[in-house]
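Below is one structure, written out as structure tokens; the observations come after it.
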Amino acid sequence: MSKEKSGAAQSVVHSLTVQAGPNIAVAKYWGKRDAGPLNLPINSSLSFTLDHSDIHATTTVAASTDFAKDRIWLNGREEPVVKRVATVLRELRKRCTDPARKKCGLRIVSRNSFPTAAGMASSAAGYCALTVAVAGVLRVAASYPGELTAVARMGSGSACRSLLGGLVQWHKGVKADGTDSIATQIQPAGHWPINMTVVVVSAEKKLVSSSSGMQTSVRTSDLLAHRAGALVDGRIAALKAAHAAKDFARFGELVMRDSNQFHATCLDTYPPIFYLNDVSRCIIRVVHGLNAHVGRVVAAYTFDAGSNAFVFSEPQHTALVNAVIAHFFPGENSPKKRTRLDVGVCMAELEARLKMKPLAAGTVTRLYHSKVGGGPRSYSTAELSLMDTDTWLPK
Ligand code: DP6
């Protein structure tokens, strides 16, 4: 699995590149029962892993006894090895079966193909790719994916769900040591093709990080306590049933309700946290307007800890959904305007129903198109490597 290279003065370098997609929760994780290092949640959660062809984190890891210390480069800049990364590396080294590799220093180069820390689950893709790549390079003996999901969770909770494709559940677990707080696949990506349109409202770093936001919510929101204690398990069961039955109307409604309830707990947090902005609220309005216009749920939105929207649709409705989004939210890469004949809905009628005109061009920065996809992929070839294989520094 790993590429081995011996230079004149260099000992063996083991290297591997992993590409992982982010995931988007349809039943949100919000709140920790252990803030670290175990990072355990107060409720289970459910998500779709995004196909990693366009939106992904790519991470190359190289290990060698020549590397005096662990080093990491994120999106082109060397960064300190923060506590969460150090925890993941420590947990993986603990499980390393090869005494020579256990002593290796690690160099890690990671890049996102999408904005970091803007509510697009960049940490999930990043920590997933990091965990899988380091585990491969260190020949870690861990049940895959079970135990590895628990290690990824210590980097970032939502990351554990990206180790699998399709519809994935992170089981909150009950044990104090967190060994049962793992992710499992509920349905493979092929069970039900769902497309996603990601509307990037803001690529700015969010003001309140998920970690600190959820700590404040756990401390102050009665609504969050009620949600985690009495509501989420039922919602997850209902979502799984609707997904198994490929019932988009039911599934979509549950997804939108869960997003709204999560953001309600943010508002119930004291002081309140606002992740949605006016443009996000316009997207919500347009999706409900479109569904009412068509007479059934053909589009469903969800928002994480940021203002960007993830809009789901079944393939037969994606052209319509994309045309409506592009009409009301022209972004820099919006397709050209579609006519009623193309997509079956007259935009002027929709504008009249919504009493809303398209927003100014540029309010939305970008649209990404993705779909539910498989889990991470490993590559040992040099082309995808982010490191120069002579210097073992970023290319
Ligand atoms: C709103 O996984 O980023 O996206 O465990 O502190 O790293 P940490 O939090 P993180 O939180 C994600 C929160 C969410 C909902 C979700 O993905 O389930």
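Keep in mind that this is a model prediction, so the values were computed, not measured. Counting convention: from 1, in listed order, for ligands and their atoms alike. Note that these values count all heavy atoms, side chains included, but never hydrogens, waters or copies made by symmetry.
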Using a cut-off of 6.0 Å, state whether more than 12 heavy atoms not belonging to [X] lie near its atom [atom1].
X	atom1	result
K371	NZ	no
R250	CZ	no
K395	NZ	yes

Report yes or no: does M214 have a heavy atom closer than 4.0 Å to ligand 1?
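Yes, that is the case, since the closest heavy atom of the residue is under 4.0 Å from the ligand.
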Residue-ligand contact Y127/ligand 1, heavy atom below 4.0 Å
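In this structure, Y127 fails to qualify as a contact of ligand 1 - no heavy atom is under 4.0 Å.
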Is S158 close to ligand 1, meaning an N/O of one under 3.5 Å from an N/O of the other?
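Yes - when backbone and side-chain N and O of S158 are compared with those of ligand 1, one distance drops under 3.5 Å.
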Please indicate whether any nitrogen or oxygen in A159 is less than 3.5 Å from any nitrogen or oxygen in ligand 1.
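Between A159 and ligand 1, no N or O pair is found under 3.5 Å apart.
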So, S47 and R161: side-chain donor and acceptor under 3.5 Å apart, yes or no?
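Yes, R161 and S47 have a side-chain donor paired with an acceptor closer than 3.5 Å.
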Counting from 1, what ligand 1 atoms have a heavy atom of [X] closer than 4.0 Å?
X	answer
R84	6 (O), 7 (O), 8 (P)
A25	16 (C), 17 (O), 18 (O)
N39	5 (O)
A305	1 (C)
S123	3 (O)

Between R161 and ligand 1, which part of the residue brings a heavy atom under 4.0 Å of the ligand: side chain, backbone, both or neither?
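The part of R161 near ligand 1 is the side chain, not the backbone.
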Nearest heavy atoms of R235 and R257, plus distance in Å
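What the structure gives for the nearest pair is NH1-CB, 3.5 Å.
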Between W192 and F251, how do the two ring planes meet: parallel, tilted or perpendicular, split at 30° and 60°?
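Judged by the thresholds at 30° and 60°, the geometry between W192 and F251 is perpendicular.
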